[in-house]
Number of protein chains: 2
Amino acid sequence: MKFEPVKKVSSYELIVEQIEAGVREGRLHPGDRLPGERVLMQTFSVSRATVREAMRVLHATGVVHTRAGDPRGPEVLPFRPEALERPLVRMTDQEGTTRVELIQFRLLLESQSALLAAATDNEDAKAKISACAGDLATLADRATTAESQTELREEFGVLLSEFHSAIRAASGNQLLQATGQAVDGALTTIARRRLGDEADGPALAARLRQSALDAATLNNHIQAQDPIGARQSAADNIFRFYKDRLTDEEQQVLAPLVG
Amino acid sequence: MKFEPVKKVSSYELIVEQIEAGVREGRLHPGDRLPGERVLMQTFSVSRATVREAMRVLHATGVVHTRAGDPRGPEVLPFRPEALERPLVRMTDQEGTTRVELIQFRLLLESQSALLAAATDNEDAKAKISACAGDLATLADRATTAESQTELREEFGVLLSEFHSAIRAASGNQLLQATGQAVDGALTTIARRRLGDEADGPALAARLRQSALDAATLNNHIQAQDPIGARQSAADNIFRFYKDRLTDEEQQVLAPLVG
DNA sequence: CTACATTACTGGTCTGACCAGTAAAGGGGT
DNA sequence: ACCCCTTTACTGGTCAGACCAGTAATGTAG
């Protein structure tokens, strides 16, 4: 005879489950308001401390947003890619997942995004990509003039991120969009933490020019509806971007995807 | 003159940050024990309720594991892929992401996994793939005999899932592994929820044989170190698997990835 | 009809208490 | 010496009741 293992979950977990189920099954929509903590403690027959712990978990995982003083109660949030970014960063913090795996994953996602973007017929999305590529070219021209290194680097990062974001959006796949953004964000966070391998002065300008050129090439493939070329170009770009900061061994990990 | 926005974070968030930073910077290793809540409330100069809320968040995000009664205190955990699966499933639950997007994303991940698996030199992982393909073939042979439809379908699903899981594992990328597993799980959950389009009797047997054959072909490409072939084969397999249950329009979404 | 003070809540934090659970220290018996 | 079992002194989980700072909505004066 078989018995079911007795699951012994704490009260607050049961509350979390119920509310998550409500969101999942469409009984709670983003924008909806939950009852206040004092009401919830009655409906669940628990103390406020228990309700609070449940709310803390839901808040930390991005399910709801709480704000003190708002009589309308906690707000149910739509999904945001940031919710994915957190565990990704943590994954690389801990031993077990290396930075190169993150880069490999990004290479994979961005190249497939480019392929799909080149195959789409969404003209608005493709126009956005062109615009971003143009912005990068403009910045590259300005880079030669004496400008604050830090600001330049900052703006460079933002524009490049937007360019890739536009491509992911054009792919038409929200999962691809969200995971791509999360991985991109995670890599940015990691890079910001150890700011030793940052390019300086002339090297930064060269790097910027190269990226602008790469972006233009990739953009051409996309506008020309050339999926295979776009995929290859995207893979090349990402590889070149990280190449200098990787050991030979690490570069080998990326090689199969670049072809 | 520029001012910094005043960040007003709650006490418990500061505690979470400090402990997360400790893990990140290597001052806390997996397996280490945190002080008890009553000690922490003194070191952080807050009440136990506040400490508890911080611990709840750390527990929910998989950073620590708490167990009542253990005098050694909360344990710092290593990262587990399940931490990624949760937000992914939540994303697909929320409105906005369609099933075909999920399938497209899966197609994308599995094909790239196959490519990387074919490029690896990890013989153990490749042996596991072969074993799984063999299991599928065995089951396909048994399928002709009269057997419980439900059990057959169940075992079929499990074996197929294991086969793909083995490929993802062989890719050597934990991110690919975790996200692939999450997407696979999400699709299984969705399929289970609306169990109307399930194949019956002879159709099921035919489906099973086809899958076993497809798996064998893919396995051959991987064992032969043929990355491009493996990628193409994996894409074909996934496409064929879902083809019957998709409209023509939905099939068009997948087309660019199959080539 | 607008601008402002009021109000009646909200979530954030604290205190202090009790319970069930458990790892390790302590005590028998061999 | 060694093993087994009880005890013990903690642990986290939960509860109750209280105070504070903050805010949306309400009412009110101009």
Side-chain angles (χ1 to χ4, degrees), chain A residues 5-20 22-23 28-77 80, chain B residues 3-20 22-23 28-77 80:
Chain A
V6 178
K7 61 171 182 181
K8 202 171 43 175
V9 286
S10 38
S11 309
Y12 87 93
E13 281 185 81
L14 293 174
I15 299 179
V16 170
E17 266 180 39
Q18 284 201 42
I19 294 184
E20 276 188 341
V23 174
L28 287 172
H29 305 88
D32 284 359
R33 298 294 183 146
L34 255 47
E37 293 178 354
R38 285 159 240 260
V39 177
L40 287 176
M41 67 183 273
Q42 289 188 328
T43 64
F44 288 117
S45 298
V46 293
S47 76
R48 192 150 92 92
T50 305
V51 169
R52 295 214 90 245
E53 297 189 2
M55 296 307 290
R56 283 282 73 77
V57 172
L58 291 171
H59 183 83
T61 52
V63 179
V64 302
H65 175 67
T66 61
R67 216 164 45 110
D70 194 335
R72 295 170 301 182
E75 180 182 2
V76 177
L77 292 177
R80 294 164 307 160
Chain B
F3 288 102
E4 284 288 311
V6 178
K7 62 170 180 179
K8 201 171 43 176
V9 286
S10 37
S11 311
Y12 87 93
E13 282 185 80
L14 294 174
I15 299 180
V16 170
E17 264 180 39
Q18 284 200 42
I19 294 183
E20 275 187 342
V23 174
L28 287 171
H29 306 87
D32 284 359
R33 299 293 184 149
L34 256 47
E37 294 178 354
R38 285 159 239 259
V39 177
L40 287 176
M41 66 184 272
Q42 288 188 328
T43 64
F44 289 116
S45 299
V46 293
S47 75
R48 192 152 92 92
T50 305
V51 170
R52 297 214 88 243
E53 298 189 2
M55 294 309 288
R56 283 284 71 78
V57 173
L58 292 171
H59 182 83
T61 52
V63 179
V64 301
H65 174 67
T66 61
R67 215 162 45 106
D70 194 335
R72 294 171 300 182
E75 180 182 4
V76 177
L77 292 178
R80 293 163 310 165

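Any value given below was found using the heavy atoms of this structure, including those in side chains, with hydrogens, waters and symmetry copies removed. Keep in mind that this is a model prediction, so the values were computed, not measured. So you know, we letter chains A, B, ... as the sequences are listed, proteins then strands, and number each from 1.
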| Which atom of A:L34 lies closest to which atom of A:M55, heavy atoms considered | CD2-CE, 4.1 Å
| field | Closest-nucleotide ordering on DNA chain D, the 5'-leading residue of A:V46 and A:P71 | value | A:V46
| task | Please report the shortest heavy-atom distance between A:F44 and A:I15, naming the atom on each side. | result | CE1-CG2, 3.7 Å
| query | What is the distance, rounded to the nearest whole Å, between atom CG of A:L40 and atom C1' of C:dG12? | reply | 16 Å
| query | Between A:R72 (CZ) and C:dC9 (C1'), how many Å, whole number? | reply | 13 Å
| task | Ignoring backbone atoms, test whether A:T66 places a side-chain nitrogen or oxygen under 4.0 Å from the OP1 or OP2 oxygen of C:dG11. | result | no
| task | Check whether any side-chain nitrogen or oxygen of A:S11 sits under 4.0 Å from OP1 or OP2 of D:dT14, and answer yes or no. | result | yes
| query | What about A:R38, does its side chain sit under 3.5 Å from the base of C:dG11 through a donor-acceptor pair? | reply | yes
| message | Any N or O donor-acceptor pair under 3.5 Å from the base of C:dT13 to the side chain of A:R48? | response | yes
| remark: A:H65 NE2 to D:dG22 P, in whole Å, measures 15 Å
| Once you round it to whole Å, what is the distance between P of D:dC15 and CZ of A:R52? | 15 Å
| query | Of the nucleotides C:dT13, D:dC15, D:dT14, which has the atom closest to the B:T50 side chain? | reply | C:dT13
| message | How many whole angstroms separate atom CG of B:D70 from atom P of C:dA23? | response | 5 Å
| Expressed in angstrom and rounded to an integer, what is the separation of B:M55 atom CE from D:dT11 atom P? | 12 Å
| task | Tell me which of A:Y12 and A:A68 sits closer to the 5' end of DNA chain D, going by the nucleotide each one is nearest to. | result | A:Y12
| For atom CD of B:E37 and atom P of C:dT15, their distance in whole Å | 15 Å
| Donor-acceptor pair present, A:R67 side chain and C:dG12 base, under 3.5 Å | no
| For B:P74 against B:P35, the heavy-atom pair lying closest together | CD-O, 3.7 Å
| task | Please state how far atom CZ in A:R33 lies from atom P in C:dT10, giving the value in whole angstrom units. | result | 13 Å
| message | Does any part of the side chain of B:H59, heavy atoms only, come nearer than 4.5 Å to the side chain of B:R52, both counted from C-beta? | response | no
| remark: Per-residue pairing states of DNA chain C in dot-bracket (Watson-Crick or G-U under 3.5 Å; . unpaired, | other strand) read ||||.||||||||||||||||||||.||||
| request: Name the nucleic acid region contacted by A:R56, choosing base, sugar-phosphate or nothing; use a 4.0 angstrom heavy-atom cut-off, strictly under. | output: sugar-phosphate
